[in-house]
2 protein chains.
Amino acid sequence: MIKLMICEDVKDVREGFRYLLNLDDEIRVVAAYSTAEELFEGMSSLGAPNIVLMDIELPGMSGIEATGKIKERYPGTAVLILTIFEEEGKILKAIQAGATGYILKNTKPGDLVAQIKTLHQGGSPISPNVARVLLHEYQREHGGKSHGDFNLTPREKEIVHGIVDGLTYREIGEAYNISGATVKKHILHIYKKLNVGSKVEFMKKVMNSDLI
Amino acid sequence: MIKLMICEDVKDVREGFRYLLNLDDEIRVVAAYSTAEELFEGMSSLGAPNIVLMDIELPGMSGIEATGKIKERYPGTAVLILTIFEEEGKILKAIQAGATGYILKNTKPGDLVAQIKTLHQGGSPISPNVARVLLHEYQREHGGKSHGDFNLTPREKEIVHGIVDGLTYREIGEAYNISGATVKKHILHIYKKLNVGSKVEFMKKVMNSDLI
DNA sequence: CAAGAAATACACCAAATGGTGTATATTTCA
DNA sequence: TGAAATATACACCATTTGGTGTATTTCTTG
């Protein structure tokens with residue numbers, strides 16, 4: 001049984017969701033509030049639910065602020081943001097605050113139930129447009145362009161894999177039927193190409209590349 | 001009309017998708033290849049499609065590498081990663097490489113068509129489990145709550161930083177005015193706590209944690 | 001207070017690493 | 001064809017790392 005609370009200021013929408021979600025017998029709407037402040041009172045008296053369905057536009061404390069507080073005080077509770085807006089800044093803020101999912105209010109009733117179950121099983125329901133915003137943001141922060149393959153030869157790439165797998169020179173040599181000394185030679189070449197001088201530096205470069 | 005190319009090494013899967021997607025009259029599968037190398041030949045002779053359906057596990061050039069090259073040479077082409085795996089590192093790498101969507105192969109045929117149309121309209125279809133990975137990553141990078149510090153003591157955390165900075169035991173000792181031998185003792189304790197046994201394994205763990 | 005964790009330090013050892021040489025066979029390509 | 005790159009291998013060396021002991025001091029917590 002998925003215990004769920006609703007936080008939504010518009011009565012019709014709130015009661016609509018309550019009715020709708022209670023139709024499914026895996027979900028129980030334990031309470032529905034019109035403000036975040038009331039929600040917190042409810043959570044402390046009734047206990048934290050599995051999921052809070054959170055409107056982003058609330059009088060008083062905003063849905064984003066409330067999300068942050070929920071994740072602080074009740075980290076086990078997932079927050080599903082439900083909104084009519086697709087504003088980029090709000091989406092990113094809600095996610096930073098710890099929202100577990102972010103979907104639009106025009107979602108079909110049946111889909112909403114499916115997404116709540118998805119959420120409860122560890123997934124994050126996100127509408128495609130929200131996903132696009134997130135993807136772009138992530139790509140922007142990670143420099144977009146590929147970091148190149150450092151002009152490594154095929155053999156050198158194999159050696160890189162061996163290292164990353166935690167093998168020693170000798171073990172890599174055994175794996176590819178060459179001597180450990182040769183493996184070492186390769187590694188030193190690789191170090192020069194990557195401009196590093198130890199395993200640790202090597203790992204830092206390689207783990208942020210698409211070499212692996 | 002959405003022009004689409006498929007890059008997938010398993011023939012049955014490849015032909016299955018081709019047949020299936022051609023059933024929809026808004027989509028035209030202009031070509032299907034079994035390797036990234038062939039795909040690039042096709043793209044240069046037939047012209048870039050709107051969407052490439054890309055398998056991640058390919059012989060030769062990987063789907064991730066290919067995605068990066070497509071975004072470089074044909075930025076207008078969207079890449080939809082189709083995979084059976086949900087491995088965190090691969091997901092993030094594919095997104096960094098510029099993937100526009102990332103969905104699982106077990107997606108229902110009707111849903112796949114819907115997702116391709118979503119993609120073409122500017123959304124990013126992402127399966128809920130992939131979305132969860134992305135959300136976590138984003139939250140982690142923006143000061144989200146720590147997902148485990150492995151019970152390291154404050155001193156041990158300092159040592160971790162020293163290692164990640166590429167210092168040797170002795171250098172770390174000098175930095176903190178303790179002996180190199182002590183630093184080593186700390187490292188060995190840390191290894192036990194992280195359940196690793198070498199710098200390489202250590203880096204793999206630490207770089208995916210919020211210890212740094 | 002006593003037990004335990006945390007931080008410090010030293011000894012000893014085998015193995016791995018990093019750095020530099022030299023050398024040869026093969027392949028690639030201008 | 002001839003130079004450059006690639007892949008192979010061995011020698012020698014100092015340093016680093018991983019692993020195991022033992023031991024002392026300080027701090028924390030039941």
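Lettering follows sequence order; numbering is per chain, from 1. Just so it is clear, the values below take in all heavy atoms, side chains as well, and ignore hydrogens, waters and symmetry mates.
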Measure the shortest side-chain to side-chain distance between [X] and [Y] over non-hydrogen atoms and say whether it is less than 4.5 angstrom.
{"X": "Val30(A)", "Y": "Leu4(A)", "value": "no"}
{"X": "Lys69(A)", "Y": "Met61(A)", "value": "yes"}
{"X": "Val79(A)", "Y": "Leu53(A)", "value": "no"}

Check ion pair Arg18(B)-Glu15(B) (N to O, under 4.0 angstrom):
yes

Using a strict 4.0 Å threshold on nitrogen-to-oxygen distance, state whether Glu158(B) and Arg155(B) make a salt bridge.
yes

Gap between atoms [atom1] and [atom2], on [X] and [N] respectively (whole Å):
{"X": "Lys199(B)", "N": "dT17(C)", "atom1": "NZ", "atom2": "P", "answer": "11 Å"}
{"X": "Ile159(A)", "N": "dA7(D)", "atom1": "CD1", "atom2": "C1'", "answer": "10 Å"}
{"X": "Arg155(A)", "N": "dT6(D)", "atom1": "CZ", "atom2": "P", "answer": "14 Å"}
{"X": "Glu156(B)", "N": "dA5(C)", "atom1": "CD", "atom2": "C1'", "answer": "10 Å"}
{"X": "Ile178(B)", "N": "dC10(C)", "atom1": "CD1", "atom2": "P", "answer": "11 Å"}
{"X": "Phe202(B)", "N": "dT17(D)", "atom1": "CZ", "atom2": "P", "answer": "12 Å"}
{"X": "Ile190(B)", "N": "dT8(C)", "atom1": "CD1", "atom2": "C1'", "answer": "14 Å"}
{"X": "Leu152(A)", "N": "dA7(D)", "atom1": "CG", "atom2": "P", "answer": "10 Å"}

Is any side-chain N or O of [X] closer than 4.0 Å to OP1 or OP2 of [N]?
{"X": "Ser179(B)", "N": "dC10(C)", "answer": "yes"}
{"X": "Thr182(B)", "N": "dA7(C)", "answer": "no"}
{"X": "Thr168(A)", "N": "dA15(C)", "answer": "no"}
{"X": "Arg170(A)", "N": "dA16(C)", "answer": "yes"}

Taking any heavy-atom pair under 4.0 Å as a contact, classify His189(B): base, sugar-phosphate, or nothing.
nothing

Pairwise 5' ranking along DNA chain C for Tyr169(A) and Ala181(B), keeping only the more 5' one
Ala181(B)

Looking at Lys3(A) and Ala48(A), what are the two nearest heavy atoms and their distance?
NZ-O, 4.3 Å

Looking only at heavy atoms, which two atoms of Asp9(A) and Leu58(A) are closest? And how far apart?
N-CD2, 3.8 Å

Where along nucleotides 19-30 of chain D does protein come under 4.0 Å, by heavy atom, of base (B) or sugar-phosphate alone (S), with - for untouched nucleotides?
BBBB--------

5'-most contact on DNA chain D (nearest-nucleotide basis), Glu171(B) vs Thr153(A), goes to Thr153(A)

By nearest atom, which of the nucleotides dT16(D), dA7(D), dT8(C) is closest to the His186(B) side chain?
dT8(C)

